[in-house]
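Values below: every heavy atom of this structure, side chains too, minus hydrogens, waters and symmetry copies. Numbers restart at 1 for each chain; the letters A, B, ... are given by sequence-line order, proteins then strands.
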Amino acid sequence: MKLPKSQIFLLVALLVAGGFSAFSGRIDPYILDVTLGVGIAITLASSLNLINGFTGQFSLGHAGFMAVGAYSSAMLTTTLGPKLGASAGVLQWVLFPASLLLGGLVAALAGLAVGAPSLRLKGDYLAIVTLGFGEIIKVILQNVDAVGGARGLVGIPDYTNLFWTFGVAAVTVYVVWALLNSTYGRGFLAVADDEVAAEAMGLNTTRYKITAFVVGSFFAGVAGGLYAHLKGYLNPGGFDFNKSIEIVVMVILGGMGRHVGVIVAAVLLAVLNETLRSFGDYRMILYSLLLILLMLTRPQGLFTWTPRKKSAA
Amino acid sequence: MTELLQQLINGLSLGAIYALIALGYTMVYGVLRFINFAHSDVFMVGAYIGFYLGPRLGAGTVWGGIATLAAAMAGSAVLGVVIEKLAYKPLRNRSNLTVLITAIGVSLFLQNAGQKILGANPRAFQFPVPGGGQQRLFPETQLHFRSLTISSNQVIVLAVSAVLLVALWWIVHRTRIGTAMRAMSFNATAASLVGINNDAVISFTFALGSALAGAGGVLYAMNYPSIDPLMGTLPGLKAFVAAVLGGIGNLPGAALGGMLIGLVETFVSGTRMSTYRDAIAFAILILILLFRPAGLLGKLRVEKV
Amino acid sequence: MLEVNQLQVNYGAITALHDVSLRVEKGSIVTLIGGNGAGKTTTLRAISGMVKPKSGQILYEGRDITGVPSHKLVGQGIAHSPEGRMVFANLTVRENLQMGAYLQRDKAVIAREEEFVFATFPRLKEREQQLAGTLSGGEQQMLAIGRALMSQPKCLLLDEPSLGIAPLLVKLIFEKIVELNRTRGLTILLVEQNANLALEISQYGYVLETGRILLADDAAKLRADPKVRDAYLGG
Amino acid sequence: EPIRIGEFSSLTGREAGLGQYTHMGVQMAVEEINAAGGVDGRPLLVLAEDTQSKAGEAATVVRKLITRDHVVAIVGEGASGRCLEGAPIAQRAGIPVVSPAATNPKVTEIGDCIFRVCFTDPFQGTVMAKFAHETLKVRRVGVLSDVASSYSLGLAGFFRQRCIVDGVELVGEQKFSGGDKDYRAQLTALKAARPDALFVPAYYGDAGLILLQARQLGLTVPVLGGDGFEAPELVQIAGAAADGAFFPVHFSTSDTSPRSRSFIARYTQRWNKAPTGVSALGYDALNLIADAIRRGKSAEPKAIRTALAGTTGFEGITGRIAMDSERNARKPASIVRVEGGQFRFLQSVAP
Amino acid sequence: MASLLQLENVTIRFGGLTAVSSVSATVQEGELVGLIGPNGAGKTTVFNMVTGVYQPTEGSIAFAGQPTAGLKPFEITERGIARTFQNIRLFPSLSVFDNVRVAFHLHLKHDSVHSLTRGPKFHREEIELRERTRELLAIFNLERVQDEPSKSLSYGDQRRLEIIRALATRPKLLLLDEPAAGMNPAEKLELMKLIQFIRDKFQLAILLVEHDMKVVMGICQRIHVLEYGRKIAEGTPAEIRANPAVIAAYLG
Ligand SMILES: Nc1ncnc2c1ncn2[C@@H]1O[C@H](COP(=O)(O)OP(=O)(O)OP(=O)(O)O)[C@@H](O)[C@H]1O
Ligand SMILES: Nc1ncnc2c1ncn2[C@@H]1O[C@H](COP(=O)(O)OP(=O)(O)OP(=O)(O)O)[C@@H](O)[C@H]1O
Ligand SMILES: [Mg+2]
Ligand SMILES: [Mg+2]
């Protein structure tokens, strides 16, 4: 059977990730850490792009979904891992993906719970509700002793590697891309453009919005799982409003609803963050100035040469 | 009973400050349809202006206090206008999400430059007494009614907030520039077609909103005399929430939202549920929005198809 | 009164006007006709400062007003009733009209103009307190014209004033345009699809196609021109 | 060829105060050591990284310090949360970490490479409860702690445990969230419970306002705190309302020992302001590492670790330090009382 | 046989204002019916009630024999009513092509899952849809701008695109709200032909709101006239043209 181009892309991406992963032992752990961070950022930004960029909703709670995924996934590996008595390799290749899946599912569930009632809200009202949800999650995590409360969850095994990170990133990008590039998927864009007209064309706008929310949260949750097993430690404070804003910045800087632009923005911001480290406490000052400058010089998003909405699938 | 009353007073004085900041958010939003993230940092700068100018303006006396307050408002207004001109104006015809990012950039800049220039440590918002010792912005006394305690500062906060709110309402609803602001909020192109200078209106809006933030900063610092470059973020976030809760773009709504958030926080704080305070505040907010999708006093924009 | 010289306007990569020149004499009515996408709206937008021309020159009463922003032109006496109406949806009909007189400080004058608009469009009087956004399409069109009149312009740009207006009222509106032109000496640049009617009341006409002036002549001659009849007047 | 030592602390962000004071102590220690000819003839080079007071940064910067900068030991992160994030990575790489001020017991439980020069939460929580009970004769006590801070919750927990043992009644417990600024609601509720004393484990920024507002509300009972109270800003913010507060310090500026006096003088000279407890702890942490290198006669991480574990009588500014088997510094604490804006030494308490 | 669309005593009030008052009307299958009346008579409001944007305050609406009360707009579209808007509502940032393609969505055999798996069936359907989209665009000669975002079209072309988009939902009843607005007489003539062509080719009924009497009288089989929300007349174009009430209120 002839595989279409898009699926070949996905396969190749997965293979490349797997290939590199085999050498990860030889990669400088710091570079690896940053690279994995970039991969997670791509997943976060692409998944939020589905909600904020393509479907035109305004979520400010992506870090909340990420937290849900991170904690669920970490709880599974930290509680079940030691009991299984399996080798680290088995745990990394079997238990860990299961835990990522769990993180994604729990986050998707949360996405459904938040999305279903609140999607009739528009614009900033939706933003506030999602922001509120993120904060509620944070407060609850701070208060639950079983997950470490304010002290944080310690002792999470470091399973996150190149394969899982970039595999997930590739799958996310593929899913978002594939969802949109179909006649069905143009509906997301239509909802973003004009809800009244979309309804009149027979599109169930609520259904589209919920789908975007659930899929977006799912991948945010998976990204959370990766993050947990990269850092080895979780603290509720790490999933606050500022984290959500960070992801929103990637999406907007990338040009809202552009696949490649958002990926590049995610990479750029992560790399910028690291390169500026050498400037010590001027780092954030420079970072903020660069952010303003980027926006002023490329207001249409960094990478406008990527066609936004091609008619060809 | 007295505890309830005491909490009510505490909640109102906290809410009044949220209301002041929320008014600035709401005004800018009303005209430009975007959330000015840097607003909460203008609030911080306002407090620092008060901190540095206070001793020169005779802080500690009633008139000195008023002069300090006015200076902070003026300084913040200038800052607000400068930010608008440099960072937002070049993006005038772009989507408001684009502007949102520069606003976040400006916010980060003010916070971090603030930490570098003003120092990261909290400072005490107090002023030296000529003979030695420290004093507050306004002469302070505690008023006692039975076991109820009200600080004169709390009274000042409430009074100043009320005066500013009324003044603002008057400007927006009773003056020409106010009318222009409202017209712009509905349709900027049409507004320029009837002779409204959009840039002037926007500058004015920023000046006004930032002045309120500056006043809020000084009053906040007076009531909680510990200031630091990140002091704006939390009250800023809450004020933003208050503005939306009241119905973003709606002035009385912002005031009401601010008061409500202040009261909810205070009452929850005083109970066993205090650890869940923010969660409860947000849960209430979400519930209210689900039943009133345009906020408490907001009207859904009519859209005839 | 109004003179446009070799105007070019771009929207991004698209050139909407290539080389448009036209003149509107003081106190005259001039009509601009052309097919969809010809650039009629763009021409009006450029004159009233809503879009910045790439090149070319616009003179108003001898002054160069190229690139001057809309709000300044209102003060100089140019009013524009735009395509798409652009009423202030959340203000009432009355407030919309008063916004139209934003630069006018004399209350008596405002009241007089308001009377005039209400007399012209009694329907608006009936709907005085209704939010403009909930008006019917035709009612909004009346409001847009009325609002433009409120600034007491010397030169009025009308973009398809008859669009969405019932037949009886179309006649009425054209009568009023003539009346304004006669009694107040108002100069009018009219864009109309109802070309027959428009040319009937105009002294001069221009035909615009794909961003270029195709024909320019006395209105009566244009109406008689068989090519124009075929293409724009419906035979 | 300098000996490379890493440092990670919160130089910017919400807890920049803590990080910067620590960093100044570390910086001064290095300058002094190098001025005196270094360690065994080799100068020290400190590579400082900022965690921005943010979760997620510590893990990255510790990896960077280890693999990029090839540090042999790390001074790091006074905040317990971020220490818990960064330290496991150093543990895995076998690089010893000395935390200046992370008091959470979990920190040194990470593994045998993790040390600290400060006392722990159980220690100070217990000490303050004992002090309240025995010295102040408190029978009814109220607690106000910071829900977002593991430090604060930890102290409150150990304080509570000890109170139960001593039979002191806990009449009210309230929570706030760091940076709140308005604590009147909690204080009003606590006042209604009529305690004899309040225990407020909080950092000075919050604590100053809490003291101020408590007095404004007419709540005049003694307030007890943790080491987080110690900073000149406490008194600046609270003014006279700070008088009568009690808290334990690692190091007291009113300490009159020649060693302390000299440290204060040198520090003030160098930085133009007085040191705080964490400055002294940062200073001690670095000196302890230098001392371990000298004693182990090697700048290899393994040797440093072994030498650190064997520390018995290190004379620090914050007292004589001995490492116990849990790698916690065993050393006395002093309790001070605020009087007229000064921290007055009251008594010394041993573990 | 029951009518395709049946309005019975339909009334709607906005606050104190009765915008449509006890209107009854029908449209038969395959019929081309006009709805005319002065500005603000309630024509667009009738469209809004038929398509579920507003719910009538009183009275009932039935489509193909089924009451439509309580249905959401998209559910009504699913049953076979499509519309255009008086104030054009395209998807401004989508390309002309995608504006039409989205509207095919109702008759898709594939959904989100197929978009992901992208099997051969999915591709076949997509190719077919693309063909059909092009056919539709060709009706109005819009293939030349198919990759432009729809917001950059001129007013007249936007109107045409809206009609095509509505057709893509494959309606049994098409509601057109002032389709000829903004077109010159020559273009209007062309539009009239096209409307009739569409009706015949797609076998649908059309309800047309239009102020241009040439258009209405030229193509409608039957005309309803509203004034101040009430129906004042109904009949063939000839009857309407001669109706004194209509002349007084509307035609002049
Ligand atoms: N905002 C815009 N962005 C991009 N292109 C535009 C924009 N507005 C108009 N155009 C293009 O400019 C050209 C001229 O458009 P214009 O609106 O001036 O035509 P018009 O003569 O008014 O047509 P109509 O009779 O349909 O209103 C058209 O090709 C149109 O597609
Ligand atoms: N949502 C609403 N709220 C209040 N009034 C409304 C609303 N919708 C319509 N109306 C009023 O109902 C009346 C009928 O409006 P409608 O849009 O149906 O008129 P129309 O017949 O389509 O007129 P036109 O030919 O001008 O488009 C108008 O007077 C209008 O102001
Ligand atoms: Mg036009
Ligand atoms: Mg209508």
Side-chain angles (χ1 to χ4, degrees), chain A residues 1-10 50 53-54 56 120 171-208 210-212 214-215 255-258 300 307-313, chain E residues 51-53 72-85 88-108 110-120 122-123 125-127 129-130 133 146-147 149-151 162 165-166 168-171 175:
Chain A
M1 196 191 84
K2 199 174 116 257
L3 270 177
K5 261 201 304 219
S6 46
Q7 277 140 331
I8 294 177
F9 155 82
L10 182 61
L50 177 62
F54 291 112
R120 59 198 206 92
V171 169
T172 311
V173 172
Y174 172 80
V175 164
V176 174
W177 177 88
L179 260 188
L180 284 156
N181 280 279
S182 67
T183 300
Y184 162 83
R186 294 285 123 168
F188 290 102
L189 305 176
V191 170
D193 262 11
D194 189 331
E195 279 188 39
V196 173
E199 285 261 330
M201 291 307 113
L203 272 67
N204 185 345
T205 51
T206 317
R207 183 94 152 263
Y208 270 101
I210 290 183
T211 307
V214 168
V215 174
M256 290 288 279
R258 287 167 207 277
Q300 64 279 62
R308 180 168 177 211
K309 280 140 196 182
K310 276 195 317 195
S311 46
Chain E
T51 55
V53 175
K72 298 226 183 65
F74 78 89
E75 291 167 322
I76 288 179
T77 312
E78 275 171 12
R79 299 200 172 184
I81 303 183
R83 73 177 290 183
T84 66
F85 296 89
I88 302 173
R89 299 194 81 125
L90 289 165
F91 304 119
S93 68
L94 260 64
S95 67
V96 168
F97 190 91
D98 277 346
N99 262 279
V100 180
R101 178 148 80 113
V102 157
F104 274 115
H105 152 276
L106 270 185
H107 304 280
L108 280 181
H110 77 249
D111 61 8
S112 50
V113 178
H114 297 105
S115 310
L116 295 181
T117 52
R118 302 196 154 237
F122 165 87
H123 282 279
E125 192 178 9
E126 286 283 310
I127 289 167
L129 282 184
R130 205 154 309 145
T133 303
Q146 67 173 31
D147 291 325
S150 68
K151 65 171 170 233
E162 238 198 343
R165 187 181 64 173
T169 67
R170 287 195 229 162
L175 311 180

Quick check on E:Leu90 against chain A: is it the side chain, the backbone, both or neither that has a heavy atom closer than 4.5 Å?
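E:Leu90 touches chain A through backbone heavy atoms alone.
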Which portion of E:Arg165 sits near chain A, non-hydrogen atoms under 4.5 angstrom:
both
If only atom types and distance count, is the side chain of [X] paired as donor or acceptor with the main-chain N or O of [Y] below 3.5 Å?
{"X": "E:Arg101", "Y": "A:Arg186", "value": "no"}
{"X": "A:Asp193", "Y": "E:Leu94", "value": "yes"}
{"X": "E:Glu126", "Y": "A:Ser182", "value": "no"}

Highest number of heavy-atom pairs under 4.5 Å with chain A: which of E:Leu116, E:Thr169, E:Leu106?
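Of the candidates given, the most pairs with chain A belong to E:Leu116.
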Flag the one option from E:Ala168, E:Ala103, E:Pro92, E:Ala82 with the top tally of heavy-atom pairs under 4.5 Å to chain A.
E:Pro92
Roughly how far, to the nearest 0.5 Å, is the [atom2] atom of [Y] from the [atom1] atom of [X]?
{"X": "A:Tyr174", "Y": "E:Arg118", "atom1": "OH", "atom2": "CZ", "value": "5.5 Å"}
{"X": "E:Arg83", "Y": "A:Met201", "atom1": "CZ", "atom2": "CE", "value": "8.5 Å"}
{"X": "A:Leu203", "Y": "E:Phe74", "atom1": "CG", "atom2": "CZ", "value": "9.5 Å"}

Residue part contacting chain E, namely of A:Tyr208, when any heavy atom lies under 4.5 Å:
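For A:Tyr208, the side chain is the part near chain E, not the backbone.
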A:Glu199 and E:Thr77: side chain donor to acceptor below 3.5 Å:
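Note: A:Glu199 and E:Thr77 side chains miss the donor-acceptor criterion.
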Top contributor to chain E contacts, counting heavy-atom pairs under 4.5 Å, from A:Gly187, A:Ala198, A:Ala190
A:Ala190
